[in-house]
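Here is the structure we will look at.
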Amino acid sequence: MRIFLTGATGFVGNRLLKKLLKKNFSVRAISRSKKKLSINKIQIIEGDLTSSELDLTKAILNCDVILNCAGEIRDKNKMKSLHVEATIKMLNAAERSFELDGKQKHWIQLSSVGAYGKSNCQNTKKIITEKSPLNPIGEYEETKTIADNLIISFAKKHAMTYTILRPSNIVGYSMPNQSFLGLLKAIKKRKFFYIGSKESIATYVHVDDVVDALILSITSSSAKNQVFNISNDCRLSEIINNIAISCGIKSNFLCIPEKPLRFLVSIISRFIKIPLSTSRIDALTSKTYYPNTKISDILNFTPKYNIPQFAVLYLNKMNSNDR
C-alpha cells in the first residue's frame, strides 16, 4: 500500500512517517526541503502544496492513501492557502490520478475538535460528539473545518473515501506549542491557581495515540467515510496533583473567582502583555468532554497514554534538558 503524506516534517507528521516505515508502508512524502527528510526509505517530492507549479496529479498517481497532516498553526495569512486552497488542488489531483491509475483513493485528514467551537460553556458540563454542530471560531479552526467539509462533499460525488480525525490538544515530546509546559512549570513554581472551581476538564491527547489512530484509519475498512474525535480527557486537578507530588509540594492551590479575574484581565491586557489571556481562562475553566465512544465502538481504539502521568515525565525531561 502506497501512502502520499503531507506535513511529514511536522510534529505529528514526522512521528507518523517513522511509524509508517516501521510497518513497511511505501511512503511518498512532499516537503519544501529535502534536507528535512533525510530518510532513504521514502520517495521525497520537493515542493510547496500552495504552489501552482507543483504537479499534484503526478505526486498522487499510483498512491492508495492520501494522508494529509499539513497544517499552519502560526501565520494566519497562510492558513486559507494551505488548509483550503491546497485541499481543493489535492482533491482535483486525486480525481485526475484515479482516471489514470484506476485506484480509488482513501483520504485521511488530520483536523481538530476546534471545528465544534470553543470548549468553554459558561462553566457547565458539555459533551461534544461527532454529531455536535460545527461552530469553528478562529482562522485555523475555520479553515480546517472548511477543508473537512470539502473532503466530505467531494467523496460523495467522486471515487474517493475519507476518514477525518479530530484530536483535542496534542501533546508529546518536541511539541511546538509551549502552553502545556508553561502550565506544568507554573504548578511546580506554585504560581498556578484554579479559576472558578477545581472541577475543570483538561482535554489533551498524546501524539502517539493520534499517530496510532491515523494508521488504524489506513488499515481498517470500518474507518471509511467516518469522522472521529479523539481525546484523553481528565480532570485538570489530576495533572496538578501529579506534578505537585512529583515536585514534593502541596497541591492546595488557591481558587480565584472567575468573573472578577476575567474583568481584570480584559482591562490590563489592553495596556500590557500578560501571560493570562481570555482564551487561557477559557481553557482553564472548561468542563467540556470529547468522548472516544465512536472511535472505540467502530475501530476498537482507546488512547493508551495517561495525560497526568505523561505530564510528570515531560516536565522531568524538560528540567533535565535545562541543566
Side-chain angles (χ1 to χ4, degrees), residues 111-138 140-142 144-145 148 164-171 177 179-180 182-184 186-187 192-206 209-210 213 226-245 251-266 276-299 301-312:
S111 185
S112 166
V113 294
Y116 305 106
K118 289 185 177 180
S119 60
N120 183 272
C121 188
Q122 298 180 338
N123 283 324
T124 58
K125 182 179 177 180
K126 184 178 181 181
I127 296 176
I128 297 292
T129 72
E130 291 81 356
K131 293 182 179 180
S132 296
L134 302 179
N135 185 33
I137 298 173
Y140 176 84
E141 292 80 5
E142 290 173 7
K144 291 293 281 187
T145 306
D148 293 351
I164 294 173
L165 189 70
R166 290 179 177 151
S168 60
N169 300 295
I170 305 175
V171 296
N177 190 329
S179 62
F180 187 66
L183 170 65
L184 304 185
I187 298 167
F192 173 83
F193 50 84
Y194 289 99
I195 303 173
S197 78
K198 297 185 178 182
E199 304 300 317
S200 302
I201 302 302
T203 54
Y204 296 103
V205 62
H206 194 279
D209 282 324
V210 175
Q226 298 288 351
V227 177
F228 296 114
N229 297 340
I230 177 172
S231 187
N232 203 359
D233 304 338
C234 64
R235 287 185 180 274
L236 178 61
S237 58
E238 292 179 53
I239 295 175
I240 292 162
N241 292 338
N242 268 32
I243 295 297
I245 292 170
S251 59
N252 56 339
F253 293 91
L254 290 175
C255 184
I256 296 177
E258 181 182 345
K259 287 184 179 180
L261 182 65
R262 281 188 182 275
F263 177 75
L264 188 63
V265 167
S266 68
L276 191 61
S277 62
T278 300
S279 60
R280 194 67 188 136
I281 294 175
D282 289 343
L284 292 171
T285 58
S286 174
K287 292 183 175 65
T288 298
Y289 294 82
Y290 300 94
N292 295 294
T293 307
K294 183 178 179 181
I295 196 169
S296 176
D297 289 346
I298 295 178
L299 300 185
F301 179 86
T302 302
K304 297 183 297 185
Y305 289 86
N306 179 284
I307 299 302
Q309 290 176 7
F310 168 73
V312 173

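Heads up: numbering here begins at 1 and tracks the sequence.
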| task | Please lay out, stage by stage, how T288 and I201 fare under the test side chain to side chain contact (heavy atoms under 4.5 Å, CB included). | result | CA-CA 6 Å; T288 298; I201 302 302; over 6 Å; no

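- Residue R280 comes nearest to S179 through the heavy atom pair NH2-O, 3.8 Å, listed as atom of the first residue, atom of the second, then distance.
- Between C255 and I195, the shortest heavy-atom contact is SG-C, 4.5 Å.
- Taking the six-membered ring for Trp and thresholds of 30 and 60 degrees, F180 and F310 have nearly parallel ring planes, at less than 30 degrees apart.
- Each of T145, L134, N135 was compared with Y116 under the side chain to side chain contact (heavy atoms under 4.5 Å, CB included) criterion, and only L134 meets it.
- Relative to the six-membered ring of Y290, R166 misses at least one condition, a distance below 6.0 Å or an angle of at most 45° to the axis.
- Remark: L254 CG to I256 CD1 distance equals 6.0 Å, nearest 0.5 Å.
- By the salt bridge (Lys or Arg N to Asp or Glu O under 4.0 Å) test, D233 pairs with no residue at all, sequence neighbours left out.
- Under the 3.5 Å distance criterion, with hydrogens and angles disregarded, no donor-acceptor pair is assigned to the side chains of K126 and S132.
- Taking the side chain as every heavy atom from C-beta outward, N292 and P303 approach each other to under 4.5 Å.
- N242 CG to S237 OG: the interatomic distance, rounded to the nearest 0.5 Å, is 10.0 Å.
- Residues forming a salt bridge (Lys or Arg N to Asp or Glu O under 4.0 Å) with E238 (at least two apart in sequence, or on another chain): none.
- Residues V113 and T203 have side chains not in contact (no heavy-atom distance under 4.5 Å, counting atoms from C-beta outward).
- Taken to the nearest 0.5 Å, the NE2 atom of H206 stands 10.5 Å off from the CG atom of N232.
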| task | Kindly determine whether R262 and D282 satisfy side chain to side chain contact (heavy atoms under 4.5 Å, CB included), including the steps that lead there. | result | CA-CA 10 Å; R262 281 188 182 275; D282 289 343; 2.8 Å; yes

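- Residues satisfying the side-chain contact (heavy atoms from CB on, under 4.5 Å) test with A213, not counting sequence neighbours, are L165, I230, I295, F301.
- At least one donor-acceptor pair closer than 3.5 Å links the side chain of E130 to the backbone N or O of N229.
- The structure places NZ of K287 at 5.0 Å from OG of S200, a figure rounded to the nearest 0.5 Å.
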| query | Between I240 and L183, is a side chain to side chain contact (heavy atoms under 4.5 Å, CB included) present by the stated rule, with each step listed? | reply | CA-CA 9 Å; I240 292 162; L183 170 65; 5.6 Å; no

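- Here the side chain of D209 pairs a donor or acceptor atom with the backbone of K304 at under 3.5 angstrom.
- Remark: I239 CD1 to N306 CG distance equals 9.0 Å, nearest 0.5 Å.
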| said: Apply side chain to side chain contact (heavy atoms under 4.5 Å, CB included) to residues Y305 and V171 and explain how you reach the verdict. | reply: CA-CA 10 Å; Y305 289 86; V171 296; over 6 Å; no

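- Here Q309 pairs with nothing under the side chain to side chain donor-acceptor pair (under 3.5 Å) rule; sequence neighbours left out.
- Side-chain contact check for F192 versus I243: every heavy-atom pair is 4.5 Å or farther apart.
- Here SG of C234 is found 6.5 Å from CD1 of I307. Values are rounded to the nearest 0.5 Å.
- Closest heavy-atom contact between V227 and K294: O-NZ, 3.0 Å.
- Residues that satisfy the ring pair (Phe, Tyr, Trp, His ring centres under 6.0 Å) test with F228, not counting sequence neighbours, are absent from this structure.
- For S296, the side-chain contact (heavy atoms from CB on, under 4.5 Å) partners are T302, not counting sequence neighbours.
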